[in-house]
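Working notes for the structure below.
Note that these values count all heavy atoms, side chains included, but never hydrogens, waters or copies made by symmetry. Chain letters run A, B, ... following the sequence lines, proteins first, then strands; residues in each count from 1.
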There are 2 protein chains.
Amino acid sequence: MTSTRATLLQVAERAGVSLASTSRALHGTGASRAMVERVRAAAAELGYSADAIGRSLRMKKTFQIAFAVADIGNPVYVEMMRGIHEVLAPHGYRVVVMTTGDTAASAAELVRSLNSGFVDGMVVIPLRTDDELIAEIQRAPVPVVVIGRALSEHGVSSVSTDSAAGIGQAVRHVLDRGRRRIGFLNGPLDTTPGASRQRGFDAAIGAEGVHTERVETEIAGDFTVAEGIVAARRLFDRASGQAPRLDAVVAANDLLAIGAIRAARELGLSVPGDVAVTGMDDTELGRVFLPSLTSVSLGSAARGRAAAELMLGLTDDPDQQARQIAVGPELIVRESTTDGAA
Amino acid sequence: MTSTRATLLQVAERAGVSLASTSRALHGTGASRAMVERVRAAAAELGYSADAIGRSLRMKKTFQIAFAVADIGNPVYVEMMRGIHEVLAPHGYRVVVMTTGDTAASAAELVRSLNSGFVDGMVVIPLRTDDELIAEIQRAPVPVVVIGRALSEHGVSSVSTDSAAGIGQAVRHVLDRGRRRIGFLNGPLDTTPGASRQRGFDAAIGAEGVHTERVETEIAGDFTVAEGIVAARRLFDRASGQAPRLDAVVAANDLLAIGAIRAARELGLSVPGDVAVTGMDDTELGRVFLPSLTSVSLGSAARGRAAAELMLGLTDDPDQQARQIAVGPELIVRESTTDGAA
DNA sequence: AGTCGGACTGGAAACGTTTCCAATCCGGGT
DNA sequence: ACCCGGATTGGAAACGTTTCCAGTCCGACT
């Protein structure tokens with residue numbers, strides 16, 4: 001019952017050999033069979049286990065990767081974290097979670113904190129991106145991988161997904177099902193996802209050969225169910241007095257979509273009978289909801305895994321060229337746009 | 001554009017003062033006004049920021065706390081992590097996430113890994129607990145706080161909740177609403193939550209003055225929606241041929257509850273009309289579900305915060321007496337047990 | 001038998017920080 | 001003018017590990 005942990009030096013003394021040999025014997029290279037055995041025995045007797053800090057100091061490697069998001073607790077981020085952890089853990093890396101806050105400046109500060117060297121790299125999902133943040137990423141002392149916008153022009157490694165194209169898939173899907181009066185429920189336009197999804201919607205509606213009777217866009221205060229309900233009410237209200245009621249709502253994420261469904265129910269509208277609803281992100285929430293939610297999967301776990309793979313490559317060779325990986329969106333059709341009749 | 005980060009020694013040379021004074025000036029105690037200014041200036045010019053590893057080695061403190069759960073990704077754990085992070089971050093602690101795997105042995109191994117000293121403490125949520133795990137916790141070189149079972153008798157700090165009492169609240173609630181044919185949908189009995197919730201259910205049903213017409217228990221293979229659906233089908237099937245159909249299902253967590261609702265819908269049963277359903281954990285999933293889910297809140301975020309507070313106390317004084325905190329369960333009534341008629 | 005080379009070992013330095021201890025400085029009281 | 005003490009300062013050690021370098025040993029080849 002030693003109150004203090006055994007050190008390598010103590011193992012060395014116990015085994016009656018030098019510190020250097022002890023290290024070699026335990027770490028594994030260039031030690032004789034006999035030496036290894038002898039040292040192992042001594043280490044076992046003392047219950048030795050190597051100190052991570054001492055090792056880190058000497059090796060200049062912490063075996064830790066930071067994962068920074070605006071809000072741990074958001075299901076999408078959680079799934080990414082799971083993906084990241086899944087890839088990194090088998091390689092001996094620990095994952096440190098951090099929160100960026102929701103401004104680009106606070107994210108930049110977090111990136112700057114990498115200077116203290118507590119981690120070998122960082123995977124970050126900035127809600128908003130500006131030049132300062134990009135500059136900070138470029139001058140970071142360890143590899144940084146961005147999940148979100150593709151940043152090839154800045155020489156930053158990133159994992160992106162074409163959420164604009166994803167919204168396009170959703171729009172075409174509801175058009176295919178004969179809907180012509182379409183509402184788009186988006187989140188704040190000054191966020192990265194908000195901006196690109198708006199772009200995707202406008203492009204899809206404006207595309208060659210698309211015929212609609214009515215198109216409305218409404219912006220929610222945030223990407224949450226609560227804000228989704230409020231904004232969806234406005235959307236339906238706006239559409240009410242006038243002639244044709246909306247028969248489809250394309251939402252910028254699953255939470256907003258669920259908000260839309262709840263608002264529709266309040267008005268006595270059935271989903272998908274009166275109004276079809278699509279979400280985005282393919283969260284568990286949407287999967288188990290009633291009706292289950294048609295949603296555009298952006299491959300959260302896949303993006304997390306991809307980011308982790310990129311990171312592993314960069315930690316091996318920090319000077320390698322920045323790479324971009326794109327994960328394709330995929331429409332998952334479920335009950336909220338299809339029930340009974342085709 | 002120095003390719004390598006500045007070290008304290010470089011700052012000292014630049015300022016033309018000793019290493020010791022430089023450290024004091026930046027860290028803050030026992031340095032003259034002039035010295036502080038001089039060193040600060042030099043540090044700023046070099047873009048110096050202290051190396052976390054060097055500091056950790058010397059101070060024997062990592063400013064990191066581990067959070068270990070079976071499965072990051074489970075909404076309940078995520079909320080706890082958020083609570084933990086919320087309390088710890090302002091004190092300068094980082095949170096390292098780790099997965100225990102679902103056996104007691106693998107959790108024990110994780111606790112043993114604390115010997116490498118990469119972290120100042122650990123908050124762990126063991127799915128299963130055995131003597132080895134407890135022993136490992138007791139001999140850990142840093143404070144360990146357990147969320148789950150109260151472990152006062154072993155001198156282990158823990159944050160617990162009386163989920164048995166919580167199930168009791170749910171049972172009484174459905175009884176109050178006139179339901180008499182009650183099914184209990186539980187998860188595996190060899191898990192900590194499974195065991196105590198079963199105990200709570202049995203106690204509530206067996207309590208003085210409780211009148212029921214029918215009581216059934218069904219065990220799902222896991223605490224998931226998918227397993228919940230399967231087990232709920234068995235529950236309803238079992239009840240079918242015979243006379244009175246179940247009019248309430250008490251589920252051991254929200255995921256199982258949602259599984260029960262889906263299974264009920266398959267059979268054409270309305271919720272809460274034909275069958276009332278309660279969950280446990282008060283997850284966002286349940287909050288936004290349709291119908292919104294009556295659920296027993298075990299205060300996930302609150303337990304996370306409490307565990308973090310305990311941890312802060314222990315890192316200040318590792319030898320202080322182990323403490324136990326209990327967070328009371330609270331029934332949150334929503335649509336799945338009440339709609340229209342009282 | 002003498003030399004060469006490979007395999008192994010030990011000494012010592014280095015990673016970047018904080019802090020103990022001794023030394024220096026300065027002003028004020030005698 | 002001298003000494004005392006508080007306030008600052010610098011030197012050096014220490015935290016625990018890995019790894020460079022030089023040295024030792026031993027078998028094998030000429």
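Candidate nucleotides C:dT9, C:dT18, D:dT18 were compared by shortest atom distance to the side chain of B:Arg58, and C:dT18 ranks first. Of the candidate nucleotides C:dT18, D:dT19, C:dG16, C:dG16 has the atom lying nearest to any side-chain atom of B:Asp51. Closest to the side chain of A:Ala20, from the set D:dG16, C:dA12, D:dT9, is C:dA12. Listed candidates were D:dC15, D:dT17, C:dC8. Nearest to the side chain of B:Leu57 is D:dC15. Considering only side-chain atoms of B:Arg55, the nucleotide from C:dT17, D:dG10, D:dT8 that sits closest is C:dT17.
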Problem set entry | Check against side chain to side chain contact (heavy atoms under 4.5 Å, CB included), B:Glu132 and B:Arg112 | CA-CA 11 Å; B:Glu132 185 205 355; B:Arg112 187 164 36 242; 4.1 Å; yes
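Residue-level contact check: A:Gly117 touches neither bases nor backbone, having no heavy atom under 4.0 Å from any strand. In this structure, A:Leu19 reaches the bases: a heavy-atom distance under 4.0 Å links it to at least one base atom across the strands shown. Note on A:Thr7: only backbone sugar-phosphate atoms sit closer than 4.0 angstrom, heavy atoms only; bases stay farther off.
In terms of phosphate contacts, B:Ser21 brings a side-chain nitrogen or oxygen within less than 4.0 Å of OP1 or OP2 of D:dG10. At the phosphate of C:dG16, OP1 or OP2 sits under 4.0 Å from a side-chain N or O atom of A:Lys60.
Between the CG atom of A:Leu8 and the C1' atom of D:dG16 there is a distance of 8 Å, rounded to whole Å. For the pair A:Ile53 CD1 and C:dG16 P, the interatomic distance rounds to 15 Å; values are reported in whole Å.
Side-chain polar atoms of B:Ser113 and B:Ser116 form no donor-acceptor pair below 3.5 angstrom.
With hydrogens and angles ignored, a donor-acceptor pair closer than 3.5 Å exists between the side chain of A:Arg24 and the base of C:dG10. With hydrogens and angles ignored, no donor-acceptor pair closer than 3.5 Å exists between the side chain of A:Arg5 and the base of D:dG16.
Taking NZ from A:Lys61 and OG1 from A:Thr315, the interatomic distance works out to 5.0 Å, rounded to the nearest 0.5 Å.
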